[in-house]
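First the structure, in the form of structure tokens, and then the observations on it.
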Amino acid sequence: MLLENKIVIITGASSGIGAAAAKLFANEGAKLVLGARRSELLENVTDDICGKGGEAVFLAGDVEDGHYAAELVLLAEKTFGRLDGAFNNAGTTGDMGPIPDMADDTWHKVISVNLNSGFHAAKHQIPAMRKHGGGSIVFTSSFVGHTIGLPGMGAYAAAKAGLIGLTQVLAVEHGTDKIRVNALLPGGTKTQMAGDHPGTHDWISGLHALKRMADPSEIAQAALFLISDQASFVTGSAMIADGGNSINKT
């Protein structure tokens, strides 16, 4: 099992990629601290894991809040004794539209959820990992703002590109602490963020070389690799798992 006895925080764990990662990581032996805003859905994921013999606890909250980031780390330490890894996955596209028409509040909200949350997470996760000899942090970034731009997604692109810059600096700063830091860049994935309109899914699928969207479990597999010791010499990377979106021009 790739994460046997590893203590891992996952945010955005109530649905989509986060929930798929929680179930996969648990199957691989991880002991989990799950975070998200929606308490009921988060409890359902936790109960499902525990009902199958896994170990997980949860705490609902807002990743924009630095106190919440600290509480997740404290919960990991109080429940399981330490922190070995974190998949900082929570995010939002926000209300999309051209920058000249975008409300200031929309911009600040998207930056806060997607980028400021990374600062809060790292601020509290890194000292906890350093105390016990190292660890692995993964941020969910995006191909949007890295390999392509999509109209109406300026705030999202800026935030997700910022996460890659944060990833690189953290990796350099904490390599000697044996803490690896990487960004995962998924392609279009069948989550609530992508909606459920068939026409939208067809359009998104067409952006990819594979001509389909990802299942959340496929992105979870990529996150598992980065968190696990199989990626022991991988740090500071922006790992693309986008079904060929970035290379597709047809």
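Values reported hereafter were calculated over all heavy atoms of this structure, with side chains retained and with hydrogens, waters and symmetry mates removed. If you read the sequence from its start, that first residue is 1, and numbering goes on from there.
One hydrophobic cluster holds both L32 and I227 under the rule that ILVMFWY side chains link at heavy-atom gaps under 4.5 Å. L75 and V63 fall within a single hydrophobic cluster, where Ile, Leu, Val, Met, Phe, Trp and Tyr side chains are chained together by heavy-atom contacts under 4.5 Å.
For K123, the NZ atom sits in a loose shell: 12 or fewer heavy atoms of surrounding residues, nucleotides or ligands are nearer than 6.0 Å. Within 6.0 Å of the CG atom in L210, the count of heavy atoms belonging to other residues, nucleotides or ligands exceeds 12.
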Atom pairs and distances, donor-acceptor, side-chain atoms in residues 95-112, under 3.5 Å, two or more places apart:
unit_1 : atom_1 : unit_2 : atom_2 : d
K109   : NZ     : E64    : OE2    : 2.6
S112   : OG     : E64    : OE1    : 2.8

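Listed for the N248 side chain is a donor-acceptor partner under 3.5 Å among the backbone atoms of L207. A donor-acceptor pair under 3.5 Å is absent between the side-chain atoms of Y156 and the main chain of G145, judged by distance alone. Judged by distance alone, the side chain of D84 and the main-chain N or O of I7 form a donor-acceptor pair under 3.5 Å. T11 places a side-chain N or O within donor-acceptor distance of the main-chain N or O of N89, the cut-off being under 3.5 Å.
Partners of D229 under the salt bridge (Lys or Arg N to Asp or Glu O under 4.0 Å) rule, at least two apart in sequence or in another chain, are K6. Listed by chain and residue number, V73, L74, A128, K131 satisfy the side-chain contact (heavy atoms from CB on, under 4.5 Å) test with E77 (two or more places apart in sequence, or in another chain). In this structure T46 satisfies the side-chain contact (heavy atoms from CB on, under 4.5 Å) test together with L34, C50, A56, F58, sequence neighbours excluded. Shown here are the side-chain contact (heavy atoms from CB on, under 4.5 Å) partners of S205, two or more places apart in sequence or in another chain: M213. Contacts of K178 classified as salt bridge (Lys or Arg N to Asp or Glu O under 4.0 Å), with partners at least two apart in sequence or in another chain: none. For A171, the side-chain contact (heavy atoms from CB on, under 4.5 Å) partners at least two apart in sequence or on another chain are V181, T235. Under the salt bridge (Lys or Arg N to Asp or Glu O under 4.0 Å) criterion, D177 pairs with R130, sequence neighbours left out. Residues passing the salt bridge (Lys or Arg N to Asp or Glu O under 4.0 Å) test with R38: none are found, sequence neighbours excluded.
Minimum interatomic distance between G118 and L166 (heavy atoms only, all atoms of both residues): C-CD2, 3.8 Å. Here the closest heavy-atom approach between residue A122 and residue P127 is recorded as O-CD, 3.9 Å.
Within the structure, side chain to side chain donor-acceptor pair (under 3.5 Å) contacts touching residues 16-33 (residues at least two apart or in different chains) do not occur. Residue pairs satisfying the side chain to side chain donor-acceptor pair (under 3.5 Å) criterion with at least one member in residues 214-227, sequence neighbours excluded, are listed as follows: R212-E218, D215-S217.
Clustering of Ile, Leu, Val, Met, Phe, Trp and Tyr by side-chain heavy atoms under 4.5 Å joins L185 with I164, I240.
Classified by interplanar angle (parallel below 30°, tilted 30° to 60°, perpendicular above 60°), the ring pair F25/F87 is tilted.
Side-chain atoms of N182 and S237 form a donor-acceptor pair, as typed in the model, at a separation below 3.5 Å.
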